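Fair warning: this is a prediction, and the values are worked out from it, not measured in the lab. Every chain is numbered from 1 and lettered A, B, ... according to where its sequence line falls, protein lines coming before strand lines.
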There are 2 protein chains.
Amino acid sequence: MIKVLVADDHPLMAQGIKNSLATTAEIQVVAIVSNGKEAIDFLEQNKVDVILLDIEMPEINGIDCAKYILKHNISTKVIMLSMYQEKSIVKMLYDVGVNGYLLKTTTSSVLIDAIIEVQKGDKIFEQNFTDSTSSQSKILNTANQNQKIVKELSKREIEVLKELSKGFTNKEIGENLCISPRTVDTHRTNLMKKINVHNVAGLIRFTYEMGLY
Amino acid sequence: MIKVLVADDHPLMAQGIKNSLATTAEIQVVAIVSNGKEAIDFLEQNKVDVILLDIEMPEINGIDCAKYILKHNISTKVIMLSMYQEKSIVKMLYDVGVNGYLLKTTTSSVLIDAIIEVQKGDKIFEQNFTDSTSSQSKILNTANQNQKIVKELSKREIEVLKELSKGFTNKEIGENLCISPRTVDTHRTNLMKKINVHNVAGLIRFTYEMGLY
DNA sequence: TTAAAAATACGGTAAATACCGTATTTACAA
DNA sequence: TTGTAAATACGGTATTTACCGTATTTTTAA
């Protein structure tokens with residue numbers, strides 16, 4: 001009997017997962033929790049073989065929760081569930097050591113198979129990792145590193161970044177923020193250095209990927 | 001007996017909805033479809049009281065599907081389901097005339113109540129519409145209009161847009177797509193005209209808001 | 001209080017962009 | 001087949017960026 005914990009803040013989805021797994025005798029959903037904190041609390045007091053972990057959750061998100069589980073040598077196998085197939089995140093999670101990554105568009109049979117395979121010790125990823133060498137670890141860090149970068153940005157820099165994303169020119173931003181357009185340019189230059197891009201396209205991409213807009 | 005059609009491309013979620021509704025005797029899930037096209041086909045051949053319509057779906061998305069249903073005077077009541085509470089979209093749908101809008105974070109009991117209320121003729125929205133005046137219709141159109149714009153873009157233009165979003169310069173894009181940088185510039189100009197922005201920032205904002213990247 | 005970080009600002013220059021127009025070839029649909 | 005849209009490309013120019021540096025004031029933290 002494989003004991004499974006479902007961590008998802010969407011009751012309907014969680015219910016769907018539970019019911020889909022109910023058809024298989026060797027799998028038992030022992031509990032449903034709705035955020036990462038509850039998941040960790042549950043794992044520390046109960047034996048669970050496999051946790052199905054939604055990425056987008058309040059309190060503690062699935063990614064941080066997964067990291068906690070893997071860091072603290074909890075024996076529970078981790079399968080991530082997500083709406084999206086952001087390559088950088090998938091690769092990051094792969095390198096962090098989670099045991100599987102499935103999209104929420106997956107079917108119950110795929111999910112069941114995945115749970116069984118993961119329990120055996122295999123890794124299940126809906127995406128291929130044919131590129132095995134350098135590029136991987138490069139992309140790995142992206143999601144992580146970007147968060148660090150955001151923390152290093154000053155208030156004013158973030159303000160400028162947001163204005164930039166709205167499509168304003170240096171001159172317009174200067175007017176909006178009551179500073180010289182040259183100052184805006186300086187901020188822009190510093191932002192590009194910190195974010196490690198070389199034009200406004202890169203800045204805006206960063207803004208959207210980090211949800212700063 | 002309220003006949004309900006579930007339109008969702010996530011089998012697990014659809015299953016969850018079905019099972020959550022199974023507890024209520026007066027509600028019957030008559031079918032599950034996985035995109036807007038299938039939903040319309042089903043509605044045209046079967047009597048359905050309420051359709052639960054996911055917004056994010058392939059082929060025909062939930063929004064276009066809802067519009068089709070309301071436009072063609074199909075008697076089926078429409079409840080939208082979505083992961084997000086994008087105000088502009090909610091308002092747009094409200095004005096289009098859908099009967100309800102629920103988040104996927106909702107519980108089964110809320111969903112059951114909503115179906116019953118909507119069947120009675122009420123409207124169920126998880127969001128308030130306190131702001132009533134001008135700005136509304138302005139925001140309303142944005143989501144709509146942007147979709148129209150995307151449809152008017154040529155294949156090549158979308159390619160260029162994506163390259164642009166990756167931060168490449170005209171020269172680099174020219175090399176990547178094997179065309180002259182001047183051609184890229186032309187595409188860029190045309191894109192800005194169509195999208196109605198006046199710099200690369202606007203183009204990239206559009207790319208991200210429309211999920212084209 | 002003193003050093004570091006942040007926010008401000010400017011000068012100069014090469015590169016890139018935005019915007020105007022025109023024009024040819026290709027492809028597809030009426 | 002014939003016209004329309006798409007994709008291609010170029011010329012010219014004003015504006016804006018990107019990038020280099022320096023420098024002052026303000027704020028914050030040690």
- Going through the distances and angles, do A:Leu177 and A:Arg156 end up as a side chain to side chain contact (heavy atoms under 4.5 Å, CB included)? CA-CA 9 Å; A:Leu177 301 183; A:Arg156 200 52 154 182; 3.9 Å; yes
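- The interatomic distance linking B:Ile179 (CD1) with C:dT25 (C1') rounds to 15 Å, in whole Å.
- Atom CG of A:Leu177 and atom P of C:dA9 are 11 Å apart (whole Å).
- At most 12 non-hydrogen atoms from other residues, nucleotides or ligands lie less than 6.0 angstrom from NZ of B:Lys3.
- Rounded to whole angstrom, the span from the NZ atom of B:Lys155 across to the C1' atom of D:dA5 amounts to 14 Å.
- Summarising the geometry, the separation between CG on B:Leu161 and C1' on C:dT17 is reported as 16 Å, rounded to the nearest angstrom.
- In this structure, CG of B:Leu164 is placed 10 Å from C1' of C:dT17, rounded to the nearest angstrom.
- If you take CD of B:Glu152 and C1' of D:dA5, they are 12 Å apart, rounded to a whole angstrom.
- Considering only side-chain atoms of A:His198, the nucleotide from D:dT8, C:dA18, D:dC19 that sits closest is D:dC19.
- Residue A:Asn199 places none of its side-chain N or O atoms closer than 4.0 Å to OP1 or OP2 of C:dA16.
- Scanning both residues, B:Asp49 and B:Met1, for their nearest heavy atoms gives OD2-O, 3.6 Å.
- Rounding to whole angstrom units, NZ of residue A:Lys171 and P of C:dA18 are separated by 15 Å.
- Ranking C:dC10, D:dA9, C:dT8 by closeness to the B:Ser180 side chain, first place goes to D:dA9.
- The shortest side-chain heavy-atom distance between A:Asn190 and A:Glu157 falls under the 4.5 Å cut-off.
- For the pair B:Tyr101 and B:Ile79, the minimum side-chain heavy-atom distance is 4.5 Å or more.
- Within the 4.5 Å cutoff, the side chain of B:Val30 has no heavy atoms near those of the B:Val4 side chain.
- Of the residues in residues 181-194 of chain B, those lying under 4.0 Å from DNA chain C by heavy-atom distance are B:Asp185, B:Arg188, B:Thr189, B:Met192.
- B:Ile173 places its CD1 atom 14 Å from the C1' atom of C:dA18, with the value rounded to the nearest Å.
- Residues B:Arg205 and A:Ile204 approach most closely at N-CG2, 4.5 Å, considering heavy atoms.
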